[in-house]
Amino acid sequence: MEALYLLIPLSVLLVFVALWIFFSASDNGQFDDLVGPGLRILQDDDTPQAD
């Protein structure tokens, strides 16, 4: 029973830290373009570039 007095506040603190990390990543634009990198791998980049 005494362990709950430690585990419940720690779990609440862990949830708030995880939410803070998620929202700070969202504010910095981490999740803006989720489709672009998946489509970029399909583009053919083997053609030589013009100087």
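In this chain, residues are counted from 1 in sequence order. When reading the values below, keep in mind they use all heavy atoms of this one structure, side chains included, and skip hydrogens, waters and symmetry mates. These numbers were taken from a predicted model, which means no experiment stands behind them.
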Side-chain donor-acceptor pairs under 3.5 Å in residues 18-32, sequence neighbours left out?
| from | atom 1 | to | atom 2 | distance (Å) |
| --- | --- | --- | --- | --- |
| Ser24 | OG | Trp20 | O | 3.1 |
| Ser24 | OG | Ile21 | O | 3.0 |
| Asn28 | ND2 | Ser24 | O | 3.2 |

Using the test side-chain contact (heavy atoms from CB on, under 4.5 Å), find all partners of Leu10 that sit at least two apart in sequence or belong to another chain.
Leu6

Rounding to 0.5 Å, atoms CG (Leu13) and CD1 (Ile8) come to a distance of 13.5 Å

Which ILVMFWY residues are connected to Leu7, directly or by a chain of links, through side-chain heavy atoms under 4.5 Å apart?
none

